[in-house]
Amino acid sequence: MIKIRVKYQVVVVVLLVLCLSGIATGQVLEKKQTEDGKIKEVVQEFARYVQQLPGFSVAVTSIIHIDNSPLRQKTRDVFSLTMRRPNRLALVHKKGTMGPSIICDGVKISTYHPQLNQYVLKPAPSKFDDIFGRGSEAGAIIQQTIPLLDVLLSNNPYELFFKDIQNSQYLGTETVNEANCHHLKYTKDTLDWHLWVEMGKKPLLRKIAAEIVQKSLRAKFEWEFRNWVVDNPAGPEPFKFEPPPGARAVLKFGEHKLAGQPAPNFKAILVDGGQMELAQHKGKHIVILDFWAVRCPPCRAALPVISKIAQDYKTKGVVLYAINEEDGPDKIRRFLKSIGVEAKAATPQRGFGASPAQLYEVEGIPQTVIIGKKGMIQSIHIGYHEGTGGQLIEELETLLAGKDVAIISPQKQKIKNTLDLVCRKITFVPETPRVGEDITFSCIIKNKGTATVQGRSYKIGIQLNRQQVFMGQGRQDIPAGSEVLFSVDIRNWSLAMSKADTYPFIIMVDPDNAVSETDESNNMLSGKLKVIK
């Protein structure tokens, strides 16, 4: 009887659950339809409002929390964002450790990359939507810096908002920075996003948030929008771009610092007999230098492709030298024969000063250098991928059409002073932090060279416990022979440790300049940070 009673009770419970779940399913469906309608209503109001604005300005604060045990760090950056239709835009980094700037004055769009201290100038797009096209440096950096900015600027914000969204929820109302807001949640690119839009006649964006949770990593991202001005469109002043001190104009980001400079001359021994000197080609040929070694798999993949391109352009005045500074002539000849490559392979000539690899700052192979007929370095490719061959052909065609691939700056050829930055001392604050306590730092940087190092033309980086925890840009000029104190505001960057231990650290100062340092060995300073309970 007990068993029967239990079975009966189970059946009743199951039937009850099924009945309730049917009711609940209907309620959930009805609730979901209500939420979908509310989300569309909020987004439509927001879209209609921003679409009709002739211009606006707003301060955007980006806050990032990263918990990668035992390291916990926080960064805060402030940007000013100003726009005026149809195509004027100014996204400028104002406070924090480091951030990009994009300025479009209606004629040119300027994109500044602080980590590289480089900027790209291109013709302005006719409308904001065109900024976010494929291959746009400005569009890619904007979307990485402030999400939904493409929606804010778009001519079709409603359609763009819902593009590629998997699901969405209306989570009610909340107060954000003293503004009553609708709280929306949606999933895009497998990431859950939260959005707060102000209620009322001015449905402005107030906050965006996202969070990543993995096994050993938790990262939280927030963007707050404050001090909106929508009734007084900005004049021309915010849309003027002034290159930061020491910044280099480039055609594409990541361009090697030697691009645009005179190609250093060298002599080399040809493995098939004779010798070559680079200077003999000036005014006559486009020269390709491919630095490689037999041991290097990417080199073995790249060399046949580069050799074939050089052969195809041989009658147009293109010459290739495969520079190998590791292997002997016999080994080089046997290897080239085994892969069916015909190329002028060369090894350094002893007693002629620095080797070609030293002159062209080869730190990784393969490295491919293109030198124009006027003897200027036009491009440098480090590594090899499927698109390298196409890039080389495009660059050769550009040079043969009488145009430069690199931006040639006469100023680069006139620098004669020496540069030598030294990281002399670092002080953590507090010097012996406790577990969970916020930590910041300051360091002393000395200029032992003869040239003044301009602010924003050098970077400071810290690696702690073998992890990169800080990268910031210098702000003060450092005259020759003097030193400056670089300090970090704890409101903009801080670090905390979740475990008591002694952690190794390395701090490095890195000048970004066309002049090579006379002594790079003193750029780094190492030590240990003790954290107590």
> So, Tyr170 versus His182: side-chain donor-acceptor pair below 3.5 Å or not?
Replying inline: yes
> Are Glu45 and Arg48 close enough for a salt bridge, meaning some N to O gap below 4.0 Å?
Replying inline: no
>> Is there a salt bridge (charged side-chain N to carboxylate O under 4.0 Å, His left out) between Lys459 and Asp510? Walk through the geometry before answering.
In response: CA-CA 5 Å; Lys459 300 185 291 293; Asp510 179 26; 3.7 Å; yes
>> Could you check whether Asp150 and Gln143, counting side-chain N and O atoms only, form a donor-acceptor pair closer than 3.5 Å?
In response: yes
> For the side chain of Tyr186 and the backbone of Phe161, is there at least one donor-acceptor N/O pair under 3.5 Å apart?
Replying inline: no
> Just by modelled atom types, is the Pro125 backbone N or O under 3.5 Å from a matching donor or acceptor in the Asp130 side chain?
Replying inline: no
> With no hydrogens and no angle check, is any side-chain donor or acceptor of Thr145 less than 3.5 Å from a backbone partner on Ile141?
Replying inline: yes
>> If you count heavy atoms of other groups shown closer than 6.0 angstrom to CD of Glu159, is the number above 12?
In response: yes
>> Under a 3.5 Å distance rule, please check whether Thr440 uses its side chain to pair with a backbone N or O of Val488 as donor and acceptor.
In response: yes
>> Between Glu395 and His381, do the side chains contain a donor N or O and an acceptor N or O under 3.5 Å apart?
In response: yes
>> A quick test of your reading: do over 12 heavy atoms of other residues, nucleotides or ligands sit less than 6.0 Å from CE of Met471?
In response: yes
> Quick one: does Asp77's side chain have a donor or acceptor within less than 3.5 Å of a partner on Gly99's backbone?
Replying inline: no
> Under 4.5 Å between any side-chain heavy atoms of Phe132 and Leu153, yes or no?
Replying inline: yes
>> Can you confirm whether more than 12 heavy atoms, excluding those of Gln52, are under 6.0 Å from its CD atom?
In response: yes
> Can you name the one residue among Leu204, Ile146, Thr61 that meets side chain to side chain contact (heavy atoms under 4.5 Å, CB included) with Phe225?
Replying inline: Ile146
> So, Arg456 side chain and Gly474 main chain: donor-acceptor pair closer than 3.5 Å or not?
Replying inline: no
>> Distance check, rounded to the nearest 0.5 Å: Ile439 atom CD1 versus Ser494 atom OG?
In response: 9.0 Å
>> For Thr452 and Asp477, which I'm curious about, is there any donor-acceptor pair between the side chains at under 3.5 Å?
In response: no
>> Please check: side-chain N/O of Asp105 versus main-chain N/O of Lys108, any donor-acceptor pairing under 3.5 Å?
In response: yes
> Can Arg475 be said to sit on top of Phe486's aromatic six-ring, NZ or CZ under 6.0 Å from centre and within 45° of the ring axis?
Replying inline: yes
>> With rounding to the nearest 0.5 angstrom, report the SG to CZ distance, Cys104 to Arg84.
In response: 11.0 Å
> Counting only heavy atoms not in Glu242, do more than 12 sit closer than 6.0 Å to its CD atom?
Replying inline: no
>> If I take atom CE from residue Met524 and atom CE from residue Met508, how far apart are they, to the nearest 0.5 angstrom?
In response: 7.5 Å
>> Tell me the closest heavy-atom pair linking Asn117 and Ser457, and the distance in Å.
In response: ND2-CA, 3.5 Å
>> Below 30° counts as parallel, above 60° as perpendicular, anything between as tilted: where do the rings of Phe441 and Trp493 land?
In response: perpendicular
>> Please determine whether the number of non-hydrogen atoms from other residues, nucleotides or ligands lying under 6.0 Å from atom CZ of Arg72 exceeds 12.
In response: yes
> How far does CD of Glu198 sit from SG of Cys181, to the nearest 0.5 angstrom?
Replying inline: 6.0 Å
>> Just checking Gln166: does its CD atom have more than 12 heavy atoms from other residues, nucleotides or ligands closer to it than 6.0 angstrom?
In response: yes
> With the threshold set at 4.0 Å, does a side-chain nitrogen-carboxylate oxygen contact exist between Lys202 and Asp231?
Replying inline: yes
>> With a 3.5 Å distance limit and no angle check, can you tell me whether Asn447 reaches the backbone of Ile478 through a side-chain donor-acceptor pair?
In response: yes
> Between the side chains of Asp404 and Gln378, does any donor sit under 3.5 Å from an acceptor?
Replying inline: yes
> If you measure from the Lys or Arg side-chain nitrogens to the Asp or Glu carboxylate oxygens, is any gap between Lys220 and Glu211 under 4.0 Å?
Replying inline: no
>> Any side-chain to backbone donor/acceptor pair from Glu483 onto Ile445? Under 3.5 Å, distance only.
In response: no
>> Whether the side chain of Arg76 engages the backbone of Ser62 through a donor-acceptor N/O pair (distance < 3.5 Å, no angle test) should be reported.
In response: no
>> Does this structure show an ion pair linking Lys127 with Asp129, if we count only N-O contacts that are shorter than 4.0 Å?
In response: no
>> Return the OG1 to CD distance between Thr111 and Gln118, rounded to the nearest 0.5 Å.
In response: 12.0 Å
> Do Tyr313 and Glu397 meet the criterion of a side-chain donor-acceptor pair at a distance under 3.5 Å?
Replying inline: yes
>> Whether the Glu174 and His183 side chains hold a donor-acceptor pair (N or O, under 3.5 Å, no angle test) is what I'd like checked.
In response: yes
